Amino acid sequence: MKKGKTRLSWTGIKLIVFTVSICLTATGIYGAKGPSESAAQKRADIVRIDAMQAFGKLERPPVTFLHQKHTEALATQNKDCSACHLVENNRLVPKFMRLKNTAKQEVMDIYHANCTACHQETAAAGQKSGPVVCGECHKDRPDLVSIWQTIGMDRSLHYRHSKAQNEKCERCHHQFDEVTKKLFHAEGKEGTCRYCHKDVTEENRLSLRLASHLACIDCHSKTLAKFDDAGPVTCGGCHDPAQQKLVEKLTVVPRMKRNQPDMVFVRSTKSGIKNSNPATRMPLVPFNHKAHENYNDTCRVCHHADLNACVQCHTLQGTKEGDQVTLEASMHRRNVNMSCLGCHDLNQRDPKCAGCHARIARARQQDPDACQACHMGDVTRVAESIQNTEEKDLVAGMLDSRNPVTHTFAESDIPENVEMKTLMNQYGPVKLPHRKIVQTLSGNIKDNMLARYYHRDENTLCQSCHHNSPVAKKPPGCASCHGRPFDERDPFKPGLMAAYHRQCMECHEAMGIEKPVATNCNACHQKKG
Amino acid sequence: MSITRRKFLGWLGAATAGTTLGKTANAASNKHFGGYPKSMGVLFDNTRCIGCRKCEEGCNTVNELPAPDLPFDDLALLETKRRTTPKAYTIVNRYDTVSNVNVKGPLYRKVQCNHCLEPACASACFVRAFTKTPKGAVIYDASVCVGCRYCMIACPFEIPTYEYDKALEPRVMKCTLCYPRIVKGLLPGCIQACPTEALTFGKRTDLLKIARERISKFPDRYVDHIYGENEMGGTSWLYLSAVPFKEVGMREDLGITPAPNLTAGALSGVPIVVGLWPVLLTGIYAMSKRKEKIAKQETAEAVAAAVDQTNAEAKAKYAKEMEQVQKLKQKEIENAVKKALDEAAKAEAEDVSDTKPEEADKKPSEEDS
């Protein structure tokens with residue numbers, strides 16, 4: 001938020017109020033990309049004024065309004081937000097020049113009279129001004145492309161806010177008391193805004209959009225009035241992708257203080273470990289919550305609906321609150337990023353992993369042997385031993401015992417070079433730097449605890465190339481299985497030439513290795529002498 | 001032209017039966033033809049193609065086509081979008097901007113004859129120069145070709161090309177699926193040359209299974225569509241792609257109707273026109289001729305009758321008039337006689353007083369005669 005906005009204190013409140021109000025007045029922002037011609041202007045402040053929709057079908061296309069352009073223009077005339085927005089209860093009203101939508105004609109007149117009046121005045125003063133003719137504002141297809149991008153509070157941004165507010169959580173976090181109809185701060189119950197503030201405004205509950213614009217911009221502008229430095233108050237400050245990149249990001253973010261566990265067993269029943277149903281005694285999963293906090297930008301990646309334990313909604317049989325997603329599905333579903341396996345799958349897209357993993361077909365379910373990789377804690381024993389010791393220590397002990405260290409064969413057992421001399425026709429043999437490849441692969445995963453854990457067997461890494469064959473120190477050669485191509489009786493197996501080429505090329509492509517280029521035959525093949 | 005009604009109806013019946021009951025040709029019927037069983041095909045997977053142009057080289061070699069202007073390892077050619085030529089049955093084009101985030105580099109498309117299950121070229125050819133063989137290949141017989149190039153217009157994939165530079169006996173040139181090689185059990189030239197099996201050769205039914213398996217195993221890598229499974233009624237070449245097919249220059253507007261079916265309605269009218277119409281028209285001609293003849297005859301008779309009648313009437317009238325004239329004459333004579341007699345009588349009486357001897361003389365003489 002140190003974005004050179006420090007000298008703009010005189011415009012502070014005005015800009016904010018104006019921004020907020022217009023943003024709130026109009027209910028739609030172009031999310032979809034419009035005309036993609038390069039001639040189209042790229043803006044992050046496009047507001048579609050379609051307030052008249054409340055009164056029925058629109059007679060003319062909605063007005064595409066560039067909010068930031070207006071704030072900047074007003075600033076040059078020493079006008080503030082009140083030029084467009086009224087104040088009620090010491091707070092700017094987001095609607096344009098009115099407190100609420102009264103009647104169709106009245107609202108329409110407010111827009112027409114005030115917009116054109118200001119445009120005319122500005123033009124009369126000899127300044128660049130806006131349109132006064134119907135069709136110039138009510139344009140069906142304005143030549144604009146929205147680059148607006150959503151923004152969220154990641155861990156780094158959250159820490160910087162909490163530090164700036166002296167860890168006074170109540171300045172932002174609140175809950176609504178149904179009885180007193182007032183907001184109050186429930187200590188230790190804080191969660192992300194979007195748990196309550198949804199897409200649209202409901203009774204006693206603002207939409208996320210309204211809530212964030214009111215609260216964020218109000219605070220930023222008040223801060224800006226007092227100090228030189230504050231968060232953005234303009235549309236682009238938050239929503240322009242280029243400016244988002246300028247937001248300072250901490251490399252090491254101190255842990256959030258919300259009484260979350262460090263190490264915990266993933267509960268399979270709401271009642272806790274001791275009383276779990278013996279009929280469903282799947283060994284429990286010890287989970288390093290603290291470590292996982294660092295793997296994600298926000299808590300809501302996993303805690304998508306609230307900050308409670310998963311089993312509160314996702315019970316073994318599923319509940320209505322949990323959308324009937326069972327505990328099993330919530331942990332193992334592979335095409336979503338909030339489940340364990342879904343997120344672990346996503347990690348495999350890292351170029352360091354993708355070389356091998358992009359080629360591995362995604363099975364509908366995991367190999368049953370893989371269950372034990374996580375499900376280690378026998379329920380009965382855990383329940384017994386937990387009485388004697390802290391859960392945290394027990395989990396830590398289990399996790400430590402897993403010993404996530406990648407093993408490979410001794411260097412002397414890994415052939416340094418492999419010369420491939422089969423299929424020589426147009427070219428000479430290929431010399432494969434075998435040991436270098438193995439070392440690169442193992443080096444790639446040494447900093448990744450997940451990868452280390454899953455590659456702890458000395459054969460695992462080898463199997464990315466030496467696949468579908470018995471794991472051994474000296475695995476069978478490629479030609480043992482791959483031979484003549486397009487065998488009718490085995491149509492899914494590639495022939496030897498394709499097996500070689502695809503193994504090398506597809507791995508290189510997935511890992512982003514640009515050289516040797518796939519079409520440069522002589523980069524790998526020796527010239528035939 | 002003397003056709004009896006019985007004869008005419010007989011011909012009509014025979015012609016109708018001939019056109020409707022005759023053996024139906026599948027290539028031009030509305031029946032769906034799912035391809036010859038065990039016919040061969042090729043599956044092109046653009047996620048595996050590296051754009052090396054080895055297939056073009058392989059094609060050139062096995063078909064003994066003239067050497068290209070630039071060598072096959074010159075990949076700069078991929079900068080432009082090319083099409084098949086009489087000297088290149090297959091070409092590879094490169095597409096740089098693709099929408100699939102999982103695709104890191106450009107994508108390639110190999111262009112060659114798709115060997116449709118029901119080929120448009122064959123249905124357009126009126127000398128049957130094109131044949132869909134049970135092996136799957138659509139082959140061309142230059143010896144019967146008249147050079148009309150309807151095949152080139154008919155092909156939705158714009159594949160057949162023409163040897164415009166040949167003054168004598170120019171041919172239509174296109175990929176043959178290396179038919180002479182596949183009947184011998186050899187692989188087509190392009191497939192043999194492909195280093196990555198981006199081209200898979202096999203039975204079309206197996207290829208469909210392979211394609212479906214790849215899509216289900218790697219759902220992120222492919223669009224869920226096998227191009228050629230149904231396009232234009234199905235083709236022997238099948239395609240898998242990482243992006244929608246139109247992004248790699250392939251037509252998505254072709255529909256699933258085989259080309260012959262598009263013209264079947266109009267063409268099914270041809271036998272009727274050719275077979276039935278002469279009979280029908282001849283009959284109509286004969287009938288109208290006969291009608292004319294009868295009319296003529298009837299007119300003549302009527303005229304004759306009218307003339308006779310007129311004559312008779314005129315005769316009768318004349319006779320009647322003559323009779324009347326006679327009667328009048330008679331009457332006149334009688335009157336004249338009577339008058340004369342009266343006068344004679346008068347004169348006799350006057351003779352008595354003042355005699356008119358001549359008259360008196362006359363009268364008795366008349367009476368005497």
Side-chain angles (χ1 to χ4, degrees), chain A residues 33 36 334-335 342 345-346 348-349 351 354-355 357-364 423 425-427 430 482-525 527, chain B residues 38 40-43 45 47-54 57-58 61 72-76 78 92 94 97 101-106 108 182 185-188 191-221 242:
Chain A
K33 295 251 154 74
S36 59
R334 306 197 73 174
N335 51 0
D345 271 355
L346 274 182
Q348 294 175 348
R349 294 199 183 167
H357 284 280
R359 299 170 47 85
I360 299 172
R362 184 188 290 176
R364 285 205 183 81
L423 283 183
N425 179 16
Q426 280 177 284
Y427 302 97
V430 173
H482 297 281
R484 187 170 65 87
F486 316 122
D487 190 330
E488 266 184 36
R489 287 150 296 186
D490 200 357
F492 297 104
K493 189 192 282 178
L496 185 58
M497 178 168 69
Y500 280 141
H501 284 121
R502 287 185 49 217
Q503 191 77 40
C504 298
M505 289 172 185
E506 288 182 8
C507 182
H508 284 190
E509 194 196 343
M511 294 181 78
I513 297 170
E514 285 171 3
K515 277 186 177 177
V517 180
T519 47
N520 183 2
C521 307
N522 288 322
C524 297
H525 295 274
K527 281 197 176 128
Chain B
K38 295 189 181 175
M40 307 307 281
V42 183
L43 173 66
D45 183 337
T47 66
R48 292 184 175 193
C49 181
I50 57 169
C52 63
R53 298 186 67 212
K54 289 279 179 199
E57 189 178 7
T61 311
F72 284 106
D73 56 8
D74 185 351
L75 300 180
L78 296 171
V92 174
R94 189 179 71 197
T97 48
V101 288
N102 295 322
V103 177
K104 296 212 168 71
Y108 300 90
I182 59 175
L186 296 169
L187 286 174
I191 290 148
Q192 184 177 262
C194 180
T196 60
E197 278 179 33
L199 299 167
T200 307
F201 184 74
K203 275 191 286 197
R204 188 173 181 270
T205 45
D206 287 345
L207 296 178
L208 285 169
K209 277 183 213 154
I210 293 172
R212 290 199 188 102
E213 164 126 343
R214 285 190 199 163
I215 292 173
S216 69
K217 275 193 174 167
F218 300 98
D220 298 340
R221 192 185 291 177

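Any value given below was found using the heavy atoms of this structure, including those in side chains, with hydrogens, waters and symmetry copies removed. Everything numeric here is computed off the predicted structure, so don't read it as measured data.
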**Student:** For D73(B), which atoms come within 4.5 Å of any heavy atom of chain A: side chain, backbone, both, or neither?
**Tutor:**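 Contact with chain A is absent: no heavy atom of D73(B) under 4.5 Å.
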**Student:** Between I50(B) and T519(A), what is the shortest heavy-atom contact and its length?
**Tutor:**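 Scanning both residues completely, I find the closest heavy atoms to be O-CG2, 3.2 Å.
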**Student:** Select one option (side chain, backbone, both, neither) describing which atoms of F201(B) are under 4.5 Å from chain A's heavy atoms.
**Tutor:**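 Answer is both: backbone and side chain atoms of F201(B) are under 4.5 Å from chain A.
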**Student:** Show your working on side-chain contact (heavy atoms from CB on, under 4.5 Å) between E506(A) and R48(B) and close with a plain yes or no.
**Tutor:** CA-CA 8 Å; E506(A) 288 182 8; R48(B) 292 184 175 193; 4.1 Å; yes
**Student:** So for L207(B), is it side chain, backbone, both, or neither that comes closer than 4.5 Å to the heavy atoms of chain A?
**Tutor:** neither
**Student:** Taking salt bridge (Lys or Arg N to Asp or Glu O under 4.0 Å) as the definition, give me every residue that meets it alongside D74(B), ordered by chain and number, with sequence neighbours left out.
**Tutor:**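 Testing D74(B) for salt bridge (Lys or Arg N to Asp or Glu O under 4.0 Å), a comparison that skips the adjacent residues, returns none.
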**Student:** In chain order, what residues pass the ring pair (Phe, Tyr, Trp, His ring centres under 6.0 Å) check against F492(A), with sequence neighbours excluded?
**Tutor:** none
**Student:** Looking at F486(A) and L187(B), what are the two nearest heavy atoms and their distance?
**Tutor:** CD1-CD2, 3.7 Å
**Student:** Quick one: list whatever passes salt bridge (Lys or Arg N to Asp or Glu O under 4.0 Å) with K217(B), sequence neighbours left out.
**Tutor:**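 Once residues adjacent in sequence are excluded, the partners of K217(B) under the salt bridge (Lys or Arg N to Asp or Glu O under 4.0 Å) criterion are E213(B).
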**Student:** Based on non-hydrogen pairs under 4.5 Å, which of I210(B), L75(B), D206(B) is most in contact with chain A?
**Tutor:** I210(B)
**Student:** Quick one: does any side-chain atom of R502(A) pair with a main-chain N or O of E197(B) as donor and acceptor, under 3.5 Å?
**Tutor:**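 Absent.
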**Student:** Just how far is it from atom NZ of K54(B) to atom NE2 of H501(A), taken to the nearest 0.5 Å?
**Tutor:**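 If I round to the nearest 0.5 Å, the distance is 8.5 Å.
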**Student:** Under a 4.5 Å heavy-atom cut-off, does chain A meet the side chain of L43(B), its backbone, both or neither?
**Tutor:** neither
**Student:** To check you understand the geometry: which heavy-atom pair defines the closest contact between R221(B) and A358(A), and what is its length?
**Tutor:** NH2-O, 3.0 Å
**Student:** Counting a contact as any heavy-atom pair under 4.5 Å apart, which residues of residues 508-515 of chain A contact chain B?
**Tutor:** E509(A), A510(A)
**Student:** Between chain A and each of C52(B), G51(B), P195(B), G202(B), count heavy-atom pairs under 4.5 Å; write down the option with the most.
**Tutor:**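 Between C52(B), G51(B), P195(B), G202(B), the count favours P195(B).
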**Student:** Looking at E488(A) and K203(B), is any side-chain nitrogen of the basic one under 4.0 Å from a carboxylate oxygen of the acidic one?
**Tutor:** yes
